[in-house]
Amino acid sequence: MRRSALMVAATGLLAGASILAPLGAYAATDDHGGAARNDGDQTAAIRESIVDGPAKNVILLIGDGMGDSEITVARNYAQGAAGEFAGIDALPLTGQYTTYALNPDGTPNYASESASTASGWSTGTKTNNGSLSVDIAGTPQSTLLELAKANGLRTGNVSTAEIQDATPGAQVAHISARGCYGPVETSVTCAEEALENGGLGSISEQLLTLRPDVVLGGGSATFTETAVGGDWAGQTLFEQATERGYQLVNDAAGLEAITAADQSAPVLGLFTEGNFPTRWVGPEATVGGGDLAPVSCTANPERLNTGLSLASLTDKAIDLLSADSEQGFFLQVEGASIDKRDHAADACGQIGETVDLDEAVQSALAFAKADGNTLVVVTADHAHTSQIVGSTPPGLSVALTTEEGQTMLVSYGTANAGESQQHTGSQVRIAGYGPGAANVLGLTDQTDLFFTSSNALALNTDLAALSAGAAVTLDQATVAPGTDFTATGSGLAADWRAAGEVGTEASGEPLGVADVIDGQAVFIGTAPSEPGEYSVTLTGAQTGVSVSATLTVTADAIPATPTPTPTPTATAPAVALPGTGPSAGAAAAVVGALASTGAQVAPVAGLAALLLAAGGVFLVIRRRRHHAAS
């Protein structure tokens, strides 16, 4: 009995190993196989990693299509089964989140895609597949980048995809179809949302209007398109960007030369016509590919200059955004082609892009650790199809030689050869470091990331309230008929553009529309020819907040030397503000939605006044430009 009891105990201790084998066989190594990752008890380390907010900065890094399987495939290949990534695997607080989308009727769509998922964390609101930062009714929802800017933070958007693609696009645009990159496609596919029809415009046009401080990625081909409607109709988006004060760069040397980026001179770096080329290349999976000789991934000869790697772009964005020690920042970084190469059953492509993202995460963590007041979150938008398998499956597969010299079979089983592999509906990993990172623990939903980020930054999500303190000042309160005057709107924190008008309760003359730069919009108008008292009104295009000042026109006015007023780096010619033309109803709904986070809009009279003042400036500018051109 005693011997039997000892054998039972041994069986339990040896976790199912044959009890007939000699005990020495189970002690072949001193490290139990070398797979353990924890170095003793982790309680104190976890407790230390939980830091209360608020945070000064948030860096959100997205591996598009980077499900748990994609991380494991890349780790096994590049670091070994018992290895770890120095960035992706280094964040101390880890959870999982669900990624489902919604159908138009509000029921769950279990297999989401990048537009609906990016909208989920960007706005905190679930939407249909294919839509960007609108709810299922098509109502625009404020994004983290918009709210960060409105709260006085600096903002950045970095991707290895076209900058109009779903993940970066969700932070800067509100549109029903993710493919409406530029004015050409928007006029056809998203016609109601096109500028010429009173809408917000294409993704690229909305990006230019939002004016993030730093935008780096691909997608230059779209910026060669010519605007169909709006202020810059007939000009390319590149020409528009130049007129609006953007610093344009297209190579590593040009980016290196940039030393500052702000609202007066934001940086738009577009380094490829489309998506970035991948870091690594190798054979795509084939039927029976797992039975072929294993291969190793090789460097892609078409890869961009290393000064344009995701890590170097992340470093540059952080350097530019953190240059002002008083302002915090929000930065989103996307490793885009993990997903794109997974669709193509290209294991080497997706692995190399995961390694690329890991290096960007290392850059973000290095900054956060030195700064001490930055939340870093690493996650994915949705899971994907690649799987590690033990034998060659009937579908597509490829055999790879890993860092350890072993063969790893990777399978793609959601589409036939030559077709696009599908996303999967699995929950995905989310990990965090810094103030507020504890909120990623456990099981959350993708939309929770919006609140984790906005709460960490203590953002006021009421856009109208953020512009409620706006005011307008005139360089001359009393002028002679036909005299030029300058109206300066200030405090328009949550507005990207403003419109102006000058007139009476009975009638008014538009002053035009201007970019709002650091909360300020400047208009140059001409006083009416008839003496009397007039209201100069400026109205924020995003919030609808209006402010007015009284302009007295009298023949007895003594000409005065105008007081110099600040002038924005870039202004725009006269244009009908959405809500004043044939599509006023739709545009008004957009304004209302973006301002619907809780604040009451200023009185209607004040709003009208703001619109009047903003408009005059642009009429003057347009006349001057066209006169010069002729």
> Using side-chain heavy atoms (C-beta onward) and a distance below 4.5 Å, is Asp371 in contact with Asn57?
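Asp371 reaches Asn57 side chain to side chain.
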
> What I want to find out is whether Asp358 reaches Arg75 closely enough, with some N-O distance under 4.0 Å, to be called a salt bridge.
no

> Charged N to carboxylate O under 4.0 angstrom, Arg303 versus Asp356?
yes

> Could you tell me whether a side-chain N or O of Lys149 sits under 3.5 Å from a main-chain N or O of Leu210, the two making a donor and an acceptor?
yes

> For Glu419, look at atom CD and say whether over 12 heavy atoms of other residues, nucleotides or ligands are found less than 6.0 Å away.
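Yes, CD of Glu419 has more than 12 neighbouring heavy atoms, counting only those of other groups under 6.0 Å.
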
> Under 3.5 Å, is there a donor-acceptor pair linking the side chains of Thr379 and Tyr97?
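A pair is found: one side chain offers a donor N or O, the other an acceptor, under 3.5 Å apart.
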
> When you look at CD of Glu404, are more than 12 heavy atoms from neighbouring residues, nucleotides or ligands closer to it than 6.0 Å?
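Count over threshold, so yes.
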
> Output yes when a side-chain donor or acceptor of Glu113 lies under 3.5 Å from a complementary backbone atom of Gly130, and no otherwise.
yes

> If you compare all heavy atoms of Leu308 against all heavy atoms of Leu255, which two are closest, and at what distance to 0.1 Å?
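Closest heavy-atom pair between Leu308 and Leu255: CD2-CD2, 4.3 Å.
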
> Specify the closest pair of heavy atoms between Asp381 and Ser114, including all atoms of both residues, with the distance to one decimal.
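Taking Asp381 first and Ser114 second, the nearest heavy atoms are OD2-OG, 2.9 Å.
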
> Is the side chain of Tyr77 donor-acceptor paired with the backbone N or O of Cys297 at a distance under 3.5 Å, no angle test?
yes

> Just to verify, what does Asp165 make a salt bridge (charged side-chain N to carboxylate O under 4.0 Å, His left out) with, not counting sequence neighbours?
Arg178, Lys340

> Kindly state each residue pair satisfying ring pair (Phe, Tyr, Trp, His ring centres under 6.0 Å) with at least one member in residues 336-377, sequence neighbours excluded.
Phe329-Phe367, His343-His384, His343-His423

> Test side chain to side chain donor-acceptor pair (under 3.5 Å) on Ser159 and Glu334; report intermediate values, then the result.
CA-CA 5 Å; Ser159 178; Glu334 181 202 23; 2.5 Å; yes

